[in-house]
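Keep in mind that this is a model prediction, so the values were computed, not measured. The first residue in the sequence is number 1, and the count goes up from there.
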Amino acid sequence: MDEATALLTTLEATRPEAPTACTGWTAHDLTAHLAAGAKEMADLVEVALAGQPDRPTRPFTTREAPFVAMPDAVLREHLIVEALRLNAATETLAQTGSDTTVAFAGRRLTAAELDLHGRSEAALHRWDLVGDDETSRALLAQPELTTHAATVLNEMLPDAGEAPIRRARRAGVSATRAVLRSPDRPDVILLVDNGRARFEIAEQHDDPPTLVTDPATRLLLLWGRRSAEATVTWCQGQGARRPIEALLWPVPTRP
């Protein structure tokens with residue numbers, strides 16, 4: 001099952017008032033976030049296809065507020081409409097050339113990257129709705145979603161709570177290096193130094209890991225989420241691990 005189908009199937013079985021893994025957000029709020037994101041990306045791609053100048057990506061709160069205010073049944077219809085708009089716009093963008101890009105959230109994305117971003121959003125937010133089930137773990141374990149997360153999180157909009165620099169500041173971490181390892185996968189390195197914080201992908205080497213976990217759980221922790229069921233094995237003492245835990249797992253108020 002692809003990510004979008006899995007998400008929409010889950011939403012059909014989820015009450016609008018159901019809580020999610022994002023503190024203070026119901027399924028309705030999460031649906032509004034998805035619909036607003038799809039509309040924003042579709043708008044930006046259509047602007048580019050029309051040959052108009054790039055415009056800044058609107059902040060989360062600005063673009064989501066009209067969707068949050070909708071009745072849930074209307075909102076869900078808008079989610080489908082905007083998702084179809086985005087898919088059509090992205091397909092047209094791809095036809096103009098594989099290296100054609102659109103400005104979104106501080107980055108320039110190709111049609112393939114926009115598609116990957118949508119897949120990542122669907123897989124992650126499905127987990128926010130239902131947590132660890134077989135479908136979530138299979139979708140989240142896909143290696144390209146980890147590479148995408150490490151790239152996007154380093155360059156997200158300043159108001160994105162998952163950006164590593166904001167997480168480091170909230171946790172009071174000014175310098176650290178953590179090796180986040182999953183067996184048979186490249187390492188993810190968390191680097192904090194001189195007021196900067198970022199994730200990097202690196203082939204496994206002789207450096208001892210800071211923690212070891214499965215690929216799906218590691219992707220979740222990159223996005224600031226923590227599975228209650230998965231195992232995370234720490235390879236450092238409690239004192240060394242405490243600030244890294246505070247950075248990796250802030251309260252997930254912003255998906």
Check: Thr31 main-chain N/O paired with Arg76 side-chain donor or acceptor under 3.5 Å: no
Give me the other members of the hydrophobic cluster that Val74 sits in, counting Ile, Leu, Val, Met, Phe, Trp and Tyr linked by side-chain heavy atoms under 4.5 Å, directly or via other members. Phe67, Met70, Leu75
Sole candidate of Val212, Leu211, Thr210 that passes side chain to side chain contact (heavy atoms under 4.5 Å, CB included) when paired with Cys235: Val212
Any chance CZ of Arg196 has more than 12 other-residue heavy atoms, nucleotides or ligands included, within less than 6.0 Å? no
When you compare the side chains of Arg126 and Ser136, does any donor N or O come within less than 3.5 Å of an acceptor on the partner? yes
Using a strict 4.0 Å threshold on nitrogen-to-oxygen distance, state whether Arg85 and Glu82 make a salt bridge. yes
Under 4.0 Å between a side-chain nitrogen and a carboxylate oxygen: does that hold for Arg225 and Glu162? yes
Is there a donor-acceptor contact under 3.5 Å from the side chain of Thr92 to the main chain of Ala88? yes
Nearest 0.5 Å, what's the CG-CG distance between Leu248 and Leu222? 8.0 Å
In Å and rounded to the nearest 0.5 Å, what is the CZ to CD1 distance from Arg169 to Ile165? 4.0 Å
Would you call Glu200 and Arg177 a salt bridge, taking side-chain N to carboxylate O under 4.0 Å as the test? no
Does Thr57 reach the side chain of Arg63, with side-chain heavy atoms less than 4.5 Å apart? yes
So CG of Leu180 and CG of Leu219: to nearest 0.5 Å the spacing works out to 11.5 Å
With sequence neighbours left out, which residue pairs that include part of residues 98-123 fulfil the ring-ring contact (aromatic ring centres under 6.0 Å, His included) condition? Phe104-His117, His117-His148
Mind checking whether Val188 and Ile201 have side chains closer than 4.5 Å, heavy atoms only? yes
Hey, are Arg119 and Glu3 close enough for a salt bridge, meaning a charged N less than 4.0 Å from a carboxylate O? yes
Would His28 and Glu17 satisfy side-chain contact (heavy atoms from CB on, under 4.5 Å), going step by step from the backbone distance to the final call? CA-CA 6 Å; His28 179 88; Glu17 67 275 13; over 6 Å; no
May I ask you to decide whether Arg15 forms a salt bridge with Asp72, counting only side-chain N to carboxylate O separations under 4.0 Å? no
Going by the angle between their ring planes, with limits at 30° and 60°, are His33 and His125 parallel, tilted or perpendicular? perpendicular
Will you find, in the side chains of Thr90 and Asn87, an N or O donor that is under 3.5 Å from an N or O acceptor? no
Among residues at least two apart in sequence or on other chains, which ones pass side chain to side chain contact (heavy atoms under 4.5 Å, CB included) with Thr101? Arg108, Thr110
Side-chain donor or acceptor of Asp187 paired with backbone N/O of Ile189 under 3.5 Å: no
Using only heavy-atom distances, determine whether the side chains of Thr217 and Arg137 contain a donor-acceptor pair under 3.5 Å. yes
